[in-house]
Structures are given as structure tokens and as C-alpha cells.
Amino acid sequence: RWPWAALAAAAGVCAQRRSPASKRRWVALLLILPLPGLCLYLLLGRPWLGAARRRLECARAERAHHLFQQEAALHTLERARPRAAAQSRRLLDAGFPVYRGTRAEFHPQAALAFEALKRELRRANRFIFMEYHAVELSRCFLELEEILAERAAAGVEVRLLYDDVGSMAFVGPKLAKRLEARGIRCRAFNPMAPLARPLLNNRDHRKLTVIDGITGFTGGYNLCDEYFDGVHPYGHWKDTGLMLRGEAVRSLTAMFLEMWRFADRERGAEEFARYLAPAGRAPSDGWVQPYASSPLDGERLGERAYLELIRGARRSVWIATPYLIPDDALLRELARAAKRGVDVRIIVPGIPDKRPVYLLTRYYGARLARAGARVCEYVPGFLHAKQLLADGESAIVGTVNLDYRSLYQHFENAVLLHGCAAVADIRRDFEATFPLCREAAPRGAARSGRELLAQALMRLLAPLM
């Protein structure tokens with residue numbers, strides 16, 4: 001009976017709100033390999049249903065209720081940078097305001113972000129909210145734990161939310177008990193329970209810290225040693241981050257409370273109002289727009305934000321991503337930009353952490369190179385930064401990779417910047433990184449028939465990567 005079950009699942013995929021590319025690959029997998037395809041679909045491919053989906057939708061509605069656009073900030077952006085305002089409009093329509101009174105500070109290395117994070121945590125007076133995909137009980141986190149415990153003892157409210165699957169190789173259920181004993185509230189997002197809760201594919205990939213609703217951090221790094229130069233399993237680990245101070249941190253606070261409400265199963269309406277008091281303005285020379293994407297809302301904001309900047313670029317599009325597995329829309333827009341004369345450069349790792357994903361990165365990199373883009377491999381090691389710079393004027397820094405998992409399946413967050421001094425720092429980071437890269441050849445997506453076969457199989461499984 002299972003071939004008929006696989007056929008029924010394929011029909012169900014066609015009726016779902018997925019990308020056309022994702023639909024094609026799931027249907028092909030279910031029809032070509034019915035039994036393994038059905039097992040993978042039941043384990044990883046089904047959409048959120050029932051009470052879990054309702055809880056997340058309620059939390060999302062509560063978050064949207066407490067975020068509103070200040071018209072003065074939007075009007076100044078529309079007058080000064082009409083094209084940037086148009087790019088921000090989609091995020092604004094999804095409930096994420098653009099702010100003026102915020103200072104953004106870019107960190108070109110995760111080690112610099114870690115030092116700034118520790119400094120600001122020690123200054124916390126009211127609350128500390130931390131949300132990370134992966135937490136490792138190692139040197140760096142133990143150092144943070146001592147700071148958090150000290151602030152908790154001083155009366156600061158401290159909460160940590162981590163993804164259960166993302167952290168399962170590093171911590172176990174005892175982490176929450178350990179931290180709770182020290183005054184730190186700790187929750188796991190969507191705990192892994194394959195029999196009772198088979199929806200394992202939608203993970204919390206967000207990475208953010210909020211301190212007193214005034215200072216916020218985000219970027220590509222998790223709370224593990226390898227991100228802060230402690231361990232180098234894949235050569236030099238290159239990552240970046242962003243610190244915000246001022247009004248835009250309000251959005252980061254709301255994003256955290258949205259996910260905490262789901263994980264803690266609290267109603268949370270009063271919580272949002274309590275922690276979203278107006279923050280003080282900070283000197284700003286640009287516009288800042290934090291946003292988050294969810295696999296539930298059908299918006300695909302992580303991808304939409306990238307597409308808006310790529311379509312609007314006139315001179316250059318520079319991207320750093322650890323995984324290059326774009327869907328049809330991103331692939332098409334990047335190729336179009338390169339063909340119309342835009343300087344499209346994409347930096348990917350020189351030393352991969354996942355061989356199958358690297359095969360696909362090479363395949364798509366070769367396709368884009370043939371269209372005129374320059375795909376560069378970071379020779380010193382593994383590049384984990386997720387950022388895009390358009391025309392040297394607008395940038396995105398956050399957690400969104402150019403792969404199916406980030407674009408369609410994970411909960412992500414990022415920050416869109418227009419005209420900030422941090423954008424110039426991001427440009428300098430790209431300019432310093434390019435000489436450390438080797439350019440991939442536009443021909444030769446695969447070096448052998450064996451690699452061609454492996455790439456064909458990996459393309460079929462791309463929605464799972």
C-alpha cells in the first residue's frame with residue numbers, strides 16, 4: 001500500500017503553499033523512491049498542523065500587534081532614498097517597521113562580537129533575552145553562563161531559548177535544570193520527539209540577544225567555541241555580526257517573545273507590553289529594519305528581502321553565504337543582475353563542513369559563473385557569514401543562508417540597513433575578504449561522471465539541505 005501512500009503524499013505536496021522548486025523535488029522524490037521518500041516526507045516534509053501551528057500564529061499576531069511604524073522615519077527614507085524605501089516596503093507590509101533612531105555597529109569577526117556581547121551583558125539592569133540555534137557547553141558558553149548567573153543574582157531577568165535539534169550534539173536535557181538552578185530561565189524550541197512530534201524540519205535558526213530592550217545583537221554565530229576562534233575544525237572560521245542600540249531593538253525583543261511564547265506555552269499578551277516600552281533614541285546616520293521569517297506565514301521574507309536588493313541593484317551585489325543552494329527565483333535574479341552588468345560576487349567556503357552541500361554549492365556556483373557572476377571560495381577555511389551588500393548603500397546581515405532550509409523551512413532573522421556607517425564597514429569587510437578567495441571556474445560544474453551523478457542526487461534532495 002505504501003506506493004499509493006507516496007502518491008497521495010505527492011498529491012498533497014502539490015496542493016500545499018510551497019515554492020515550485022520544492023514541490024517538484026518532493027514529488028520527484030516520492031515518485032522515484034516511494035518508500036524512502038515517504039519516510040522522509042513523514043519525518044521532515046509535512047507542514048505544521050494543529051495546536052502547534054495555532055500557538056505560533058497567536059504569538060505572531062501578538063508580536064505584530066505591538067510593532068508599529070513611525071511615520072517620520074518612513075517619510076525621511078522615502079524622500080532621501082526612494083529606491084531603498086521601496087525595498088523596505090515589503091518588510092513593512094509584513095509588520096516589521098523601519099527605524100531611524102538606532103546606531104548599528106558591524107563586527108567583521110565573531111570574536112569581536114563576542115567581546116562586545118560580554119561587555120554589554122555585564123551592563124544589563126532589567127532583562128537579558130538570548131535565542132540561538134546551537135548552544136555548546138564549552139569554554140565560551142561557560143564564560144557567558146557566569147556573566148548571566150551574576151546578573152540573575154543581581155535581580156536581572158535572564159532567559160535563554162535554544163533549538164533542540166541544533167544543540168543536540170552539544171547539550172542535553174540537563175542544561176535547562178543547570179541554568180534554572182542559577183536563576184536563568186531556559187527553554188528548548190520544538191524538542192525532538194520523533195514519535196510524538198514528527199515535525200522536525202522546522203527549526204529555530206535565529207540568533208539574537210536583547211539587553212534591556214536597548215541593545216541587541218544578531219549575526220551568523222551561535223554560542224559555540226568554533227565561532228569565536230576557539231576551535232578550527234574547518235580551517236579559519238569566518239563569521240560576522242551586528243550590534244544595534246536604540247529604537248530598532250524593539251523589533252528584536254518582540255521576535256524573541258514570539259518564540260518564547262511558543263516554547264513556554266504561555267499566553268504572553270501582558271509580557272509583550274511589559275518588555276516593549278519605548279527605548280531611547282541613539283545617534284543614527286541611516287535606517288535600520290530588523291525582521292524575521294517563518295515557515296508558517298507564506299511570506300518567505302528571508303528570500304524576499306534578498307530579491308528586493310538584487311533586483312534594485314545598479315552597480316554591485318556582493319554576497320557571503322556558507323551554502324549556495326538557491327531556488328529558481330534567486331538563481332534567476334542573480335543571473336539577470338550579472339547579465340545586465342551588475343558586479344555580482346558571491347563568497348562561499350573554501351573548506352566545506354558538509355560534503356553533499358558543497359557538491360551542490362559547486363554546481364550552482366558554476367551555473368552562476370557561466371551567467372557572468374563571480375563565485376569565490378574563501379581559501380583560509382569555512383565562511384559562515386550571511387550578508388548581502390547592494391551598490392555599497394544597502395545591506396542585510398543576519399542568519400539567512402542561500403539554501404532551502406533557511407529560505408523555506410527555518411525560523412530566521414536579519415537586519416536590513418540603508419545608508420548607515422555600518423554599511424561602509426560591511427563594504428570594507430568584503431574588500432578585505434576578496435583577496436583571501438580563489439575564483440571558481442565558470443565551467444566544470446563537476447569534475448567527473450561520479451560527481452555529476454552525486455550532484456544529480458543532491459539536487460533531488462536539495463529541499464532537505
Side-chain angles (χ1 to χ4, degrees), residues 64 67-106 218 242 244-252 281-293 297 299-320 329-330 332-346 373 386-398 400 402 413-431:
L67 295 181
F68 50 87
Q69 178 62 55
Q70 294 181 348
E71 294 302 320
L74 182 60
H75 289 163
T76 58
L77 179 61
E78 289 174 336
R79 288 196 300 269
R81 299 172 180 266
R83 187 151 44 95
Q87 292 165 345
S88 285
R89 179 62 67 177
R90 175 160 313 257
L91 300 180
L92 178 58
D93 291 343
F96 294 102
V98 57
Y99 298 89
R100 181 69 167 157
T102 302
R103 182 170 65 85
E105 179 180 306
F106 176 72
T218 190
L242 197 67
L244 304 180
R245 194 186 302 276
E247 294 179 343
V249 180
R250 179 182 179 91
S251 288
L252 296 181
R281 293 177 60 87
S284 171
D285 55 356
W287 294 264
V288 178
Q289 191 173 21
Y291 62 95
S293 63
D297 56 20
E299 295 282 351
R300 304 204 304 270
L301 287 183
E303 180 182 44
R304 296 293 182 188
Y306 282 151
L307 287 173
E308 291 294 332
L309 262 63
I310 295 168
R311 287 169 180 159
R314 297 294 181 266
R315 300 185 304 277
S316 63
V317 172
W318 295 350
I319 297 173
L330 268 172
R332 181 170 56 249
E333 290 303 328
L334 287 167
R336 284 177 176 172
K339 289 177 180 178
R340 69 172 182 263
V342 174
D343 175 18
V344 178
R345 302 190 215 178
I346 305 171
K386 306 98 162 49
Q387 57 195 45
L388 183 151
L389 178 69
D391 292 339
E393 299 175 352
S394 297
I396 292 173
V397 177
V400 187
L402 265 65
N413 75 276
V415 180
L416 174 59
L417 306 164
H418 298 300
C420 303
V423 176
D425 292 334
I426 294 168
R427 180 184 181 90
R428 282 189 283 271
D429 179 55
F430 272 109
E431 291 172 341

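The model shown is predicted, which means the values in this text are computed figures rather than measured ones. Start at 1 with the first residue, then count along the sequence.
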Student: Among residues at least two apart in sequence or on other chains, which ones pass side chain to side chain contact (heavy atoms under 4.5 Å, CB included) with Arg89?
Tutor: Leu74, Glu78, Leu92, Asp93
Student: Identify the two heavy atoms, one from Asp429 and one from Phe106, that lie closest to each other, and give their separation to 0.1 Å.
Tutor: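 So the two residues come closest at CB-CE2, 3.6 Å.
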Student: Show your reasoning for whether side-chain contact (heavy atoms from CB on, under 4.5 Å) applies to Tyr99 and Arg250.
Tutor: CA-CA 10 Å; Tyr99 298 89; Arg250 179 182 179 91; 4.0 Å; yes
Student: Any donor-acceptor pair under 3.5 Å linking the side chain of Arg315 with the backbone of Asp391?
Tutor: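 Yes; judged by distance alone, with no hydrogens or angles, the pair exists.
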Student: Once you round to the nearest 0.5 Å, how far does CD of Glu303 lie from OG of Ser293?
Tutor: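 So the CD of Glu303 and the OG of Ser293 are separated by 10.5 Å.
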Student: Can you measure from OG1 (Thr218) to CG (Leu242) and round to the nearest 0.5 angstrom?
Tutor: 7.5 Å
Student: Once you round to the nearest 0.5 Å, how far does NZ of Lys339 lie from CG of Leu334?
Tutor: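 Output value for this atom pair is 12.0 Å.
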Student: How many angstroms lie between CZ in Arg81 and CH2 in Trp287, if you round to the nearest 0.5 Å?
Tutor: 5.5 Å
Student: Do any N or O atoms from the side chain of Gln69 and from the backbone of Val98 form a donor-acceptor pair under 3.5 angstrom?
Tutor: yes
Student: At what distance, to the nearest 0.5 angstrom, does CZ of Arg100 lie from CG of Leu77?
Tutor: 8.5 Å
Student: Which heavy-atom pair separates Trp318 from Asp343 by the least distance, and what is that distance?
Tutor: NE1-OD2, 3.2 Å
Student: Identify the two heavy atoms, one from Leu301 and one from Ala292, that lie closest to each other, and give their separation to 0.1 Å.
Tutor: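 Taking every non-hydrogen atom into account, CD1-O, 3.5 Å.
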Student: Does any N or O in the side chain of Thr102 come within less than 3.5 Å of the main-chain N or O of Val288, such that one atom is a donor and the other an acceptor?
Tutor: no
Student: Please check this pair: side chain of Gln289 against backbone of Phe96, looking for a donor-acceptor N/O pair closer than 3.5 Å.
Tutor: yes
Student: Side-chain polar contacts of residues 414-422 - donor-acceptor pairs under 3.5 angstrom, sequence neighbours left out - could you list them?
Tutor:
residue	atom	partner	partner atom	Å
His418	ND1	Ser394	OG	2.7
His418	NE2	Ala84	O	3.4
His418	NE2	Ser88	OG	2.8

Student: Atom CD1 in Ile396, atom CD1 in Ile319: separation rounded to 0.5 Å?
Tutor: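 Here the rounded value is 9.0 Å.
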Student: What's the shortest heavy-atom distance between Gly392 and Val423, and which atoms?
Tutor: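 Where Gly392 meets Val423 most closely, the heavy atoms are O-CG1, 3.6 Å.
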Student: Of the non-hydrogen atoms in Gly302 and Tyr291, which two are nearest, and what is the gap between them?
Tutor: CA-CE1, 4.5 Å
Student: Distance-only criterion, 3.5 Å: show the donor-acceptor pairs between side-chain atoms of residues 306-314 and protein atoms not counting sequence neighbours.
Tutor:
residue	atom	partner	partner atom	Å
Tyr306	OH	Val400	O	2.8
Arg311	NE	Glu333	OE2	3.4
Arg314	NH1	Gly312	O	2.9

